[in-house]
Enquirer: 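This is the structure, below, for whatever I ask next.
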Amino acid sequence: MTLDEARARDAADPLRHHRDGFALPAGTIYLDGNSLGALPRAAVAVMHDAVTRQWGERLIRSWNEADWIGAPQRIGDKIARVVGAKDGEVIVADSTSINIFKLLTALTAQRPEATHILSESGNFPTDVHIAAGAARAAGIDLRLVTRADIAGAIADDTAALLLTHVHYKSGARYDMAALTTAARATSVPVIWDLSHSAGAVPLDLAAAGAEYAVGCGYKYLNGGPGAPAFVYVARERQAALRPALQGWMGDARPFAFEDAYEPAPGMGRMLIGTAPVLSLLALECGVDAMLAADRDALWAKSQELFDMLTGLMAERCPDFTLVTPTDAERRGSHASFAHADAWPINRALIDAQVIGDFRAPDVLRLGLTPLYTSFEDVWRAVDVLADIMANETWRKPEYAVRSAVT
Ligand SMILES: *Cc1c(COP(=O)(O)O)cnc(C)c1O
């Protein structure tokens, strides 16, 4: 594969014009949209209007006039189309961490005889930490088992199973339908964390029989730094859900200002306090950009980018070990490579304008976001990496220093 061949792939790519919708800095090869999505151009104008007109001029009237109050539901319904859910099954609120807590505390309360929450050892840290806190609050244990042992560990006394659909580090993907069915046989509710799946791989929560899920707004959905997250509950499970964090925005009549709390019908009850409106409006631009592209074309391109990246890496950077499953049905939209010196190598890459990231202890993670990643990006990234390895540029002492965010 030559640079010209990569460019020819871009010229034939049916999604190529979607890249123009993102304000990517010239000269930068961005392979970290799985950690912080790029800036949708539309968000610049939307933010300007939201700040100067809606907030500055219209002030508090905008809650009604601009429907700020309806934004969590409105954007939730848009995300529902990305994840294969129905209108009224997804709402945008809080962070992924808090949404996990809201679901876990509500579900453990429904199963008073249960003795533990179940999850995977090596799951994303916040999932494990929040699950440990929710277990402590419920007076039960958190049981962590390896990926291979999850299905066998589901038991009658499991309060809930918390799984990340696509693993943040390895990129390995669970068979959602199979595990959901296995858990249902024992009536154990499963919460799927879709942080590395929503907007990355085809999702059909309804077809998989999924009942509960959460996901991240600032990764593949391009919602901006710290964008609010989303939570999904299948319609038939919503009425029974009583959140422990019952705030006024989740009440059936917030502006009646009453002492008594009554959960709002449907997903409204998953709201707690006042929504971060500016962040919601930025997220909406990212979700709109995703909905404008054909889902099957996105996934087809993700696979082509992955095959090209892993092929070029095997050929030109043989010191790296691919840790992501090659079977497309068993992975997400990023490729992870193990190398003992992954940290300084990633630092050298960033200095050379190729932005991926590092996940401790030894993983170089390269995200493939088919909305705006080009085949030329992938070709150039491997070319730069091969150069860094050949010239040992990564050995510069300054690259050994760890930054706060990796
Ligand atoms: C990114 C990510 C999160 C992020 O949680 P925040 O509350 O937004 O910090 C949670 N879980 C997984 C699996 C993630 O990949």
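Ligands are counted one by one from 1 in listed order, and the atoms in each one are counted from 1 as well.
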Enquirer: Which of the numbered atoms in ligand 1 are under 4.0 angstrom from any heavy atom belonging to H196?
Expert: 15 (O)

Enquirer: Just need the protein heavy atom nearest to atom 8 (O) of ligand 1, so name the residue and atom and give the distance.
Expert: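 Protein heavy atom with the smallest distance to atom 8 (O) of ligand 1: Y218 OH, 2.8 Å.
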
Enquirer: Can you check whether F257 and F255 have ring centres sitting under 6.0 Å from each other?
Expert: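 Yes.
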
Enquirer: With a heavy-atom distance limit of 4.0 Å, tell me whether D127 approaches ligand 1 through its side chain, its backbone, both, or neither.
Expert: side chain

Enquirer: Relative to the heavy atoms of T164, which atoms of ligand 1 are at a distance of less than 4.0 Å?
Expert: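 Heavy-atom distances to T164 below 4.0 Å select 13 (C).
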
Enquirer: Hey, is CZ on R74 packed in by over 12 heavy atoms from elsewhere, all under 6.0 Å?
Expert: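 Count over threshold, so yes.
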
Enquirer: So, does S62 use its side chain to make a donor-acceptor pair with the main chain of R58 at under 3.5 Å?
Expert: no

Enquirer: So which of D193, I130, D94 gets nearest to atom 12 (C) of ligand 1, if we judge by its closest heavy atom?
Expert: D193

Enquirer: For D377 and T373, does a side-chain donor sit closer than 3.5 Å to a side-chain acceptor?
Expert: no

Enquirer: Taking 4.0 angstrom as the limit, do E211 and R184 come out as a salt bridge?
Expert: yes

Enquirer: If we set the cut-off at 4.0 Å for heavy atoms, which region of S195 has an atom near ligand 1: side chain, backbone, both, or neither?
Expert: side chain

Enquirer: Using heavy atoms and a threshold below 4.0 Å, how should the contact between T126 and ligand 1 be classified: side chain, backbone, both, or neither?
Expert: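 The answer is the side chain of T126.
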
Enquirer: Relative to the heavy atoms of S95, which atoms of ligand 1 are at a distance of less than 4.0 Å?
Expert: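 In order of number, 7 (O).
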
Enquirer: Please evaluate residues D251 and R253 with respect to the criterion salt bridge (charged side-chain N to carboxylate O under 4.0 Å, His left out), reporting the C-alpha separation (whole Å), side-chain torsions for both, the decisive distance (0.1 Å), and the verdict.
Expert: CA-CA 5 Å; D251 185 75; R253 291 172 303 278; 5.4 Å; no

Enquirer: Are side-chain N/O atoms of N99 and T96 paired as donor and acceptor at under 3.5 Å?
Expert: no

Enquirer: Which residue and atom name correspond to the protein heavy atom nearest atom 5 (O) of ligand 1, and how close is it?
Expert: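 Checking every protein heavy atom, the shortest distance to atom 5 (O) of ligand 1 gives T96 CB, 3.5 Å.
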
Enquirer: Counting non-hydrogen protein atoms only, what is the nearest one to atom 7 (O) of ligand 1? Give residue, atom name and distance.
Expert: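 The closest one turns out to be S97 OG, 2.6 Å.
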
Enquirer: For the 3.5 Å polar cut-off, considering only N or O atoms, please tell me whether K219 and ligand 1 meet it.
Expert: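 So ligand 1 has an N or O lying under 3.5 Å from an N or O of K219.
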
Enquirer: Strictly under 6.0 Å, is that where the ring centroids of H339 and F320 end up?
Expert: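 Yes, the ring of H339 comes within the 6.0 Å limit of the ring of F320, centre to centre.
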
